[in-house]
Amino acid sequence: MQPGWEAVIGLEVHVQLRTRTKLFCGCRNAYGAPPNSLTCPVCLGLPGALPVLNGEAVRQALAFGLAVGAEIQPVSTFYRKQYVYPDLPKGYQITQGPVAVVHGGALDLPGDAAVRGATGIFRAHLERAHLEEDAGKSLQGEGERWVDLNRAGVPLLEIVGAPDLRSPQEASDYLKVLHRLVVFLGICDGNLEEGSFRCDANVSVRPAGSAGFGTRVEVKNLNSFRFVKQALAFEIGRQSTLLDRGERVSQETRGWDAATGTTRSQRTKEAAMDYRFFPEPDLPPLRVDPAEVAAVQAGLPELPEARIHRFQEAHGLTEDEALTLMQSPSFADFFEALVQASGQARASANWMLGEVSRVLNERGLAITQLGVAPEALAGLIRLVDQGRLPLGAAREVVFPALLAGEGPAEAIVAQRGLEQVSDAAAIAPLVRQVLAAHPDVVAQIRAGRERLRGFLVGQVLKAGGGRLDPKGVNEALDRILPEFLAKS
Ligand code: ADP
Ligand code: MG
Ligand code: ZN
């Protein structure tokens, strides 16, 4: 950005809801089925077919509204938004009218110190979140165009953010927090590649410190958090350069081109569509029963930001560790079950972020496909904690054997003779042997080079073939080393 300017950003996010069926008909809401196999007269827009609102979609919208502290409107309405496009069979989209079911609300985000000066949490407000139906997909081929209407009528929650964001970094933080929220609420699968979470970014530039708003540009086609950041940075640069030259920013819709890293004009304000909005005559207003709101509220899970905080406080994790453990609800749940079963938070986090993640990445699996239950892994963690199994053997031998289904950790250790030696009577002779073999090192320690003690521990562990308990070795060395130091 050119100096002296400030960016103003507001995001519109389309979240595909995780309902069993579509918004106004009984067709399955699923991705990847054979083209046009999930359709019926309602979502094909055949004459005379009537829409019926999906109650589950409403409950998911309520869950979102309650989670962001929004006002739930007791009565909201549906409208027809008319435009002509091959993937829109009815010739209009049913969307919410001037009153949306979710009004207001906010997300708390870390501010971008680079633009705000001050650090700390700030509140990014939401304007509204409304229910609407998705359009189908049109696919362009060579001289051909195909239309797949499986997506037509899939429920969307459009979440409209206030223009409260001030940098690409804040926009990206907003999206991450919002994404985590809808995924942990269980109302969206969060799959960006499949289009379950899509973002349009509105951005304008104004003189730094001023209160008014500049002319905004809407950037479409942003299907990754990285693209949002890049597109916004490009737009902010383009707009502030124009303004510096005394030129004006025109209000328009621009498309992001990932190949060139630029945005390109798609539609100017003059060519803006007239959607001829009018109330949907085939749907009554949506009336929300307070008892239903209370039931949804009672069923809300612990919210992800609170859970991240709890992971840090209760388990002594860093923020990065907590965020990584919160990569998906099932990963976070596995971690919690592991802590519960093992009683070891630190070790559980280490296993999840270390070996477990490594194996999942290598094999391209989700945690639900690991094939080892948290209780089984906890058995392994307990053996290590009790000093009965060296950590190296736990990682290299027992964990792979658990994955291969060779039974409980305890049995694997017994079968393979991996039991760690922590018996002082077995360790002491090895310590004496190592001390006797390294009189030079003993002499240097006597001369004050305390750090060489670590070398001796390593030698003893090695002499024990990796099966000695390091704690036991340290204790034995504490007892025996003074004898050797006194000898000279
Ligand atoms: P529309 O329906 O045309 O998209 P809205 O008034 O609903 O218009 O605004 C859409 C989005 O644009 C909101 O996310 C809002 O925060 C954002 N927005 C509005 N004005 C500005 C502005 N001057 N600069 C940046 N974003 C803006
Ligand atoms: Mg818009
Ligand atoms: Zn249908």
Side-chain angles (χ1 to χ4, degrees), residues 5-14 19-30 33 36-46 49-54 57 79 81 83 89-90 93-100 103-107 124-130 132-136 148-155 158-168 170-171 174-175 178 198-207 210-220 222 228 231-232 235-236 239-240 243 248-254 267-269 272-275 277:
W5 300 102
E6 174 180 59
V8 172
I9 300 164
L11 303 180
E12 292 167 274
V13 176
H14 286 89
T19 53
R20 203 175 53 78
T21 56
K22 293 186 180 181
L23 188 53
F24 299 118
C25 62
C27 291
R28 260 198 321 128
N29 167 16
N36 298 306
S37 62
L38 306 176
T39 56
C40 75
V42 173
C43 56
L44 289 177
L46 300 186
L50 291 174
V52 177
L53 182 59
N54 181 337
Y79 270 59
K81 180 179 179 177
Y83 61 94
K90 294 197 294 289
Q93 175 197 31
I94 303 179
T95 179
Q96 291 220 279
V99 182
H103 177 81
L107 298 177
H125 296 89
L126 305 180
E127 290 178 354
R128 64 181 189 279
H130 59 260
E132 62 183 29
E133 56 180 340
D134 210 340
D148 176 6
L149 295 174
N150 284 349
R151 202 179 69 179
V154 160
E158 179 175 344
I159 300 162
V160 182
D164 284 356
L165 310 170
R166 295 290 172 265
S167 71
E170 289 191 350
Y174 172 96
L175 286 176
L178 185 60
R198 315 195 286 267
C199 174
D200 298 337
N202 296 272
V203 55
S204 61
V205 156
R206 66 184 178 190
S210 67
F213 286 140
T215 306
R216 82 174 144 114
V217 160
E218 181 169 13
V219 188
K220 299 258 188 198
L222 298 171
V228 170
L232 284 171
E235 254 318 291
I236 293 164
Q239 292 182 20
S240 55
L243 294 171
R248 292 203 325 198
V249 172
S250 46
Q251 185 172 338
E252 59 185 354
T253 302
R254 297 177 72 90
R267 200 193 309 137
T268 59
K269 192 190 182 191
M273 296 232 227
D274 173 5
Y275 293 113
F277 273 98

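Start at 1 and go down the list; that is how both ligands and their atoms are numbered.
Contacts between Leu11 and ligand 1 below 4.0 angstrom, taking non-hydrogen atoms only, involve the backbone exclusively.
For the pair Val217/Glu235, a side-chain contact is recorded, criterion being any heavy-atom separation below 4.5 Å from C-beta on. Put simply, the side chain of Glu158 does not reach to within 4.5 Å of the side chain of Gln96, judged on heavy atoms. In this structure, the side chains of Val249 and Val205 stay at 4.5 Å or more apart for every pair of heavy atoms. Val160 places a side-chain heavy atom less than 4.5 Å from the side chain of His130. With a 4.5 Å cut-off on side-chain heavy atoms, Asn202 and Pro163 do not count as touching. Taking the side chain as every heavy atom from C-beta outward, Arg28 and Ser37 never approach each other to under 4.5 Å. Within the 4.5 Å cutoff, the side chain of Val219 has no heavy atoms near those of the Asp200 side chain.
The shortest N or O to N or O distance between Phe213 and ligand 1 is not under 3.5 Å. Distances between N or O atoms of Pro163 and those of ligand 1 include at least one value under 3.5 Å. Looking at ligand 1, you'll find an N or O of Arg216 within less than 3.5 Å of one of its N or O atoms.
Across the listed options Asp200, Leu126, Asn202, Asn202 owns the non-hydrogen atom lying nearest to atom 11 (C) of ligand 1.
Counting the atoms of ligand 1 from 1 in the order shown, those under 4.0 Å from a heavy atom of Val160 are 13 (C), 14 (O). Near Ala162, meaning under 4.0 Å from any of its heavy atoms, are these atoms of ligand 1: 16 (O). Near Gly161, with a cut-off below 4.0 Å to any heavy atom, the atoms of ligand 1 are 13 (C), 14 (O), 15 (C), 16 (O). Which parts of ligand 1 touch Ser204 is read off a 4.0 Å heavy-atom cut-off, strictly below it: atoms 22 (C), 23 (N), 24 (N), 25 (C). Those atoms of ligand 1 with a heavy atom of Gly214 less than 4.0 angstrom away are 23 (N). Listed by number with element, the atoms of ligand 1 under 4.0 angstrom from any heavy atom of Val8 are 24 (N), 25 (C). Taking every heavy atom of Gly10 and a limit of under 4.0 angstrom, the matching atoms of ligand 1 come to 14 (O), 16 (O), 26 (N).
Applying the ring-ring contact (aromatic ring centres under 6.0 Å, His included) criterion to Phe24, with sequence neighbours excluded, gives Phe78. Taking the side-chain contact (heavy atoms from CB on, under 4.5 Å) definition, one finds that Glu6 meets it with Arg166, Arg206, Ala208, sequence neighbours left out. Scored by the side chain to side chain donor-acceptor pair (under 3.5 Å) test, Ser240 finds no partners at all (sequence neighbours excluded).
Ordered by chain and number, Cys25 SG, Cys27 SG, Cys40 SG, Cys43 SG make up the set of protein N, O or S atoms under 2.8 Å of the Zn ion (ligand 3).
With hydrogens and angles disregarded, a donor-acceptor distance shorter than 3.5 Å links the side chain of Lys22 to the backbone of Asn150.
Under the side-chain contact (heavy atoms from CB on, under 4.5 Å) test applied with Thr21, the options Leu38, Asn54, Val154 reduce to a single match, Asn54.
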